[in-house]
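Okay, so here's the structure we're looking at.
In what follows, every chain begins at residue 1, and chains take the letters A, B, ... in the order their sequences are listed.
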Amino acid sequence: DTAVSQTPKYLVTQMGNDKSIKCEQNLGHDTMYWYKQDSKKFLKIMFSYNNKELIINETVPNRFSPKSPDKAHLNLHINSLELGDSAVYFCASSRRWANEQFFGPGTRLTVL
Amino acid sequence: DQQVKQNSPSLSVQEGRISILNCDYTNSMFDYFLWYKKYPAEGPTFLISISSIKDKNEDGRFTVFLNKSAKHLSLHIVPSQPGDSAVYFCAASASETGANNLFFGTGTRLTVIP
(Lines give C-alpha, C1' and ligand atoms only; values in the text may rest on other atoms or scores of the structure.)
Protein backbone atom coordinates (compact mmCIF):
# COMPACT_ATOMS: atom_id res chain seq x y z
CA ASP A 1 0.00 0.00 0.00
CA THR A 2 2.93 2.32 -0.80
CA ALA A 3 1.71 5.87 -1.37
CA VAL A 4 4.21 6.91 -4.07
CA SER A 5 6.16 4.17 -5.76
CA GLN A 6 8.93 4.28 -8.34
CA THR A 7 10.51 1.61 -10.50
CA PRO A 8 13.25 0.71 -10.81
CA LYS A 9 15.03 1.59 -7.57
CA TYR A 10 18.44 1.30 -9.23
CA LEU A 11 19.31 1.76 -12.89
CA VAL A 12 22.79 1.30 -14.34
CA THR A 13 23.21 1.93 -18.04
CA GLN A 14 25.64 2.99 -20.72
CA MET A 15 26.00 6.47 -22.21
CA GLY A 16 23.77 6.99 -25.21
CA ASN A 17 21.05 4.60 -24.08
CA ASP A 18 17.39 5.51 -23.60
CA LYS A 19 15.71 4.63 -20.32
CA SER A 20 12.46 5.19 -18.47
CA ILE A 21 11.55 5.53 -14.81
CA LYS A 22 7.97 4.87 -13.75
CA CYS A 23 6.04 6.52 -10.95
CA GLU A 24 2.65 5.77 -9.50
CA GLN A 25 0.73 7.31 -6.62
CA ASN A 26 -2.34 5.91 -4.91
CA LEU A 27 -3.14 8.99 -2.83
CA GLY A 28 -5.71 10.39 -5.22
CA HIS A 29 -3.56 13.49 -5.79
CA ASP A 30 -3.97 15.65 -8.86
CA THR A 31 -0.40 16.86 -9.14
CA MET A 32 2.80 14.90 -9.67
CA TYR A 33 6.44 15.95 -9.91
CA TRP A 34 9.90 14.82 -10.88
CA TYR A 35 12.92 16.02 -8.92
CA LYS A 36 16.62 15.43 -9.49
CA GLN A 37 19.08 15.18 -6.60
CA ASP A 38 22.60 15.62 -7.87
CA SER A 39 25.92 14.63 -6.32
CA LYS A 40 25.90 17.77 -4.19
CA LYS A 41 22.58 16.63 -2.67
CA PHE A 42 20.77 19.57 -4.27
CA LEU A 43 17.13 18.58 -4.79
CA LYS A 44 15.69 20.46 -7.74
CA ILE A 45 12.32 20.26 -9.44
CA MET A 46 12.29 19.19 -13.07
CA PHE A 47 8.63 18.87 -14.01
CA SER A 48 5.18 19.14 -12.52
CA TYR A 49 1.96 17.77 -13.99
CA ASN A 50 -1.57 18.50 -12.88
CA ASN A 51 -4.28 16.17 -14.18
CA LYS A 52 -2.00 15.07 -16.99
CA GLU A 53 -1.18 18.67 -17.95
CA LEU A 54 2.34 20.11 -17.68
CA ILE A 55 2.41 23.07 -15.28
CA ILE A 56 6.11 23.38 -14.36
CA ASN A 57 8.95 22.73 -16.72
CA GLU A 58 12.24 23.91 -15.34
CA THR A 59 15.31 24.25 -17.51
CA VAL A 60 15.86 20.63 -18.33
CA PRO A 61 17.41 19.23 -21.54
CA ASN A 62 14.76 18.12 -23.99
CA ARG A 63 16.26 14.63 -23.76
CA PHE A 64 14.06 14.37 -20.69
CA SER A 65 10.40 13.84 -21.49
CA PRO A 66 7.75 13.26 -18.86
CA LYS A 67 4.63 11.35 -19.80
CA SER A 68 1.44 11.20 -17.77
CA PRO A 69 -1.01 8.56 -19.03
CA ASP A 70 -3.39 9.37 -16.16
CA LYS A 71 -3.30 11.44 -13.03
CA ALA A 72 -1.95 8.55 -10.94
CA HIS A 73 1.11 8.02 -13.13
CA LEU A 74 4.00 10.21 -14.23
CA ASN A 75 6.80 8.48 -16.08
CA LEU A 76 10.15 9.98 -17.00
CA HIS A 77 11.81 9.02 -20.24
CA ILE A 78 15.42 9.98 -20.86
CA ASN A 79 17.00 9.80 -24.33
CA SER A 80 20.69 9.62 -25.16
CA LEU A 81 21.84 9.34 -21.57
CA GLU A 82 24.94 11.32 -20.55
CA LEU A 83 27.35 10.93 -17.64
CA GLY A 84 25.92 14.07 -16.02
CA ASP A 85 22.50 12.47 -15.83
CA SER A 86 23.76 10.25 -13.03
CA ALA A 87 21.72 11.26 -9.99
CA VAL A 88 18.85 10.17 -7.79
CA TYR A 89 15.46 10.95 -9.32
CA PHE A 90 12.48 11.40 -7.01
CA CYS A 91 8.85 11.36 -7.96
CA ALA A 92 6.37 13.19 -5.74
CA SER A 93 2.67 14.01 -5.61
CA SER A 94 0.37 16.47 -3.90
CA ARG A 95 -3.13 17.85 -3.98
CA ARG A 96 -3.51 20.76 -6.39
CA TRP A 97 -2.02 23.96 -4.91
CA ALA A 98 -1.00 22.14 -1.74
CA ASN A 99 2.50 22.76 -0.49
CA GLU A 100 3.01 19.39 1.15
CA GLN A 101 4.38 16.92 -1.34
CA PHE A 102 4.74 13.19 -0.82
CA PHE A 103 7.87 11.62 -2.23
CA GLY A 104 8.68 8.23 -3.65
CA PRO A 105 11.78 6.28 -2.55
CA GLY A 106 13.91 7.53 -5.44
CA THR A 107 15.63 5.91 -8.41
CA ARG A 108 19.40 5.96 -8.44
CA LEU A 109 20.53 6.31 -12.05
CA THR A 110 24.16 5.60 -12.87
CA VAL A 111 25.38 6.30 -16.39
CA LEU A 112 28.70 4.63 -17.28
CA ASP B 1 21.37 30.37 -7.89
CA GLN B 2 20.31 28.69 -4.70
CA GLN B 3 17.42 30.50 -3.07
CA VAL B 4 17.26 28.27 0.00
CA LYS B 5 20.44 27.59 1.92
CA GLN B 6 21.35 25.28 4.73
CA ASN B 7 24.88 26.24 5.64
CA SER B 8 25.53 23.45 8.13
CA PRO B 9 25.98 20.15 6.31
CA SER B 10 25.99 18.20 9.57
CA LEU B 11 25.06 18.43 13.23
CA SER B 12 25.68 16.05 16.14
CA VAL B 13 23.62 16.22 19.31
CA GLN B 14 23.39 14.10 22.46
CA GLU B 15 20.17 12.19 23.01
CA GLY B 16 17.74 14.22 25.12
CA ARG B 17 19.23 17.56 24.16
CA ILE B 18 17.85 20.11 21.73
CA SER B 19 18.68 19.97 18.01
CA ILE B 20 18.52 23.25 16.12
CA LEU B 21 18.65 23.15 12.34
CA ASN B 22 18.91 26.41 10.45
CA CYS B 23 17.81 27.58 7.03
CA ASP B 24 18.16 30.89 5.19
CA TYR B 25 16.39 32.07 2.06
CA THR B 26 16.91 34.93 -0.35
CA ASN B 27 13.60 35.25 -2.17
CA SER B 28 11.25 37.63 -0.35
CA MET B 29 8.33 36.20 -2.35
CA PHE B 30 8.52 32.94 -0.39
CA ASP B 31 5.51 32.68 1.89
CA TYR B 32 5.39 29.02 2.87
CA PHE B 33 8.15 26.95 4.38
CA LEU B 34 8.49 23.26 5.02
CA TRP B 35 10.88 20.83 6.66
CA TYR B 36 11.39 17.37 5.28
CA LYS B 37 13.21 14.46 6.86
CA LYS B 38 15.07 11.88 4.81
CA TYR B 39 16.43 8.49 5.79
CA PRO B 40 18.99 6.71 3.55
CA ALA B 41 17.51 5.01 0.48
CA GLU B 42 14.12 6.61 1.11
CA GLY B 43 12.38 9.67 -0.23
CA PRO B 44 11.97 12.85 1.85
CA THR B 45 8.97 12.78 4.19
CA PHE B 46 7.08 15.88 5.22
CA LEU B 47 7.70 16.88 8.83
CA ILE B 48 6.30 20.32 9.61
CA SER B 49 5.50 23.58 7.84
CA ILE B 50 4.83 27.23 8.53
CA SER B 51 3.08 30.00 6.68
CA SER B 52 4.61 33.46 6.54
CA ILE B 53 1.68 34.85 8.53
CA LYS B 54 3.01 32.98 11.56
CA ASP B 55 6.33 33.06 13.34
CA LYS B 56 6.06 29.73 15.11
CA ASN B 57 4.46 26.36 14.54
CA GLU B 58 4.69 23.46 16.94
CA ASP B 59 3.95 19.77 16.49
CA GLY B 60 4.97 17.55 19.36
CA ARG B 61 8.74 17.58 19.72
CA PHE B 62 9.15 19.67 16.56
CA THR B 63 8.89 23.45 16.40
CA VAL B 64 9.62 25.66 13.42
CA PHE B 65 10.44 29.32 13.92
CA LEU B 66 10.27 31.90 11.15
CA ASN B 67 12.03 35.26 11.18
CA LYS B 68 10.85 37.03 8.03
CA SER B 69 12.97 40.13 8.48
CA ALA B 70 16.10 38.00 8.66
CA LYS B 71 14.82 35.56 6.00
CA HIS B 72 15.67 32.78 8.39
CA LEU B 73 13.89 29.77 9.77
CA SER B 74 14.90 27.09 12.18
CA LEU B 75 13.69 23.68 13.25
CA HIS B 76 13.95 22.76 16.92
CA ILE B 77 13.71 19.15 18.05
CA VAL B 78 13.28 18.64 21.77
CA PRO B 79 14.17 16.19 23.15
CA SER B 80 16.30 14.68 20.40
CA GLN B 81 16.06 10.92 19.96
CA PRO B 82 18.36 8.50 18.08
CA GLY B 83 15.53 7.86 15.61
CA ASP B 84 15.72 11.52 14.61
CA SER B 85 19.08 10.86 12.96
CA ALA B 86 18.46 11.68 9.31
CA VAL B 87 19.03 14.40 6.72
CA TYR B 88 16.71 17.37 7.16
CA PHE B 89 15.76 19.51 4.16
CA CYS B 90 14.31 22.98 4.34
CA ALA B 91 12.00 23.99 1.46
CA ALA B 92 10.13 27.12 0.45
CA SER B 93 7.45 28.17 -2.01
CA ALA B 94 5.85 31.37 -3.24
CA SER B 95 2.08 31.26 -3.75
CA GLU B 96 2.27 33.96 -6.42
CA THR B 97 4.54 31.86 -8.60
CA GLY B 98 2.94 28.53 -7.83
CA ALA B 99 2.57 26.87 -4.46
CA ASN B 100 3.63 23.60 -6.01
CA ASN B 101 7.09 24.85 -6.95
CA LEU B 102 9.23 23.97 -3.94
CA PHE B 103 12.80 25.18 -3.62
CA PHE B 104 14.95 22.96 -1.44
CA GLY B 105 18.11 23.52 0.56
CA THR B 106 20.96 21.01 0.38
CA GLY B 107 20.12 19.43 3.71
CA THR B 108 21.68 19.04 7.16
CA ARG B 109 22.62 15.59 8.40
CA LEU B 110 21.58 15.24 12.03
CA THR B 111 23.19 12.58 14.18
CA VAL B 112 21.71 12.01 17.61
CA ILE B 113 24.19 10.23 19.82
CA PRO B 114 22.69 7.80 22.35
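- Residue B/Ser49 comes nearest to A/Glu100 through the heavy atom pair OG-OE2, 3.4 Å, listed as atom of the first residue, atom of the second, then distance.
- Heavy atoms only, all atoms of each residue included: B/Leu102 and A/Tyr35 are closest at CB-OH, 3.7 Å.
- In this structure, no portion of A/Gln6 lies under 4.5 Å from any heavy atom of chain B.
- Although no hydrogens or angles enter the test, the distance criterion places no donor-acceptor pair under 3.5 Å between the side chain of A/Lys44 and the main chain of B/Phe103.
- The 12-atom threshold is exceeded at CD of B/Glu15, counting heavy atoms of other residues, nucleotides or ligands nearer than 6.0 Å.
- Counting only distance, with no hydrogens or angles, the side chain of B/Tyr36 and the backbone of A/Gln101 share a donor-acceptor pair below 3.5 Å.
- The local environment of CZ in B/Arg61 is crowded, with over 12 non-hydrogen atoms from other residues, nucleotides or ligands closer than 6.0 Å.
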query = A/Phe103 and B/Phe46: side-chain contact (heavy atoms from CB on, under 4.5 Å), yes or no, with the steps?
reply = CA-CA 9 Å; A/Phe103 284 78; B/Phe46 170 72; over 6 Å; no

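- Closest approach of B/Lys38 to A/Phe90, counting heavy atoms only: CE-CZ, 3.5 Å.
- Atom NZ of A/Lys22 has 12 or fewer neighbouring heavy atoms from other residues, nucleotides or ligands inside a 6.0 Å radius.
- Under a cut-off of 6.0 angstrom, the local environment of NZ in A/Lys9 is crowded, with over 12 non-hydrogen atoms contributed by other residues, nucleotides or ligands.
- Only the side chain of B/Phe89 comes within contact range of chain A, with heavy atoms under 4.5 Å apart.
- Hydrophobic clustering, with ILVMFWY side chains joined whenever heavy atoms are under 4.5 angstrom apart, groups A/Leu54 together with A/Leu74.
- Side chains of B/Asn101 and A/Ile45 form a contact here, defined as non-hydrogen atoms less than 4.5 Å apart.
- One hydrophobic cluster holds both B/Leu66 and B/Ile48 under the rule that ILVMFWY side chains link at heavy-atom gaps under 4.5 Å.
- Rounding to the nearest 0.5 Å gives a distance of 10.0 Å between CG of A/Asp38 and OG1 of B/Thr106.
- B/Ile20 and B/Phe62 fall into different hydrophobic clusters, where Ile, Leu, Val, Met, Phe, Trp and Tyr are joined by side-chain heavy atoms under 4.5 Å apart, directly or via other members.
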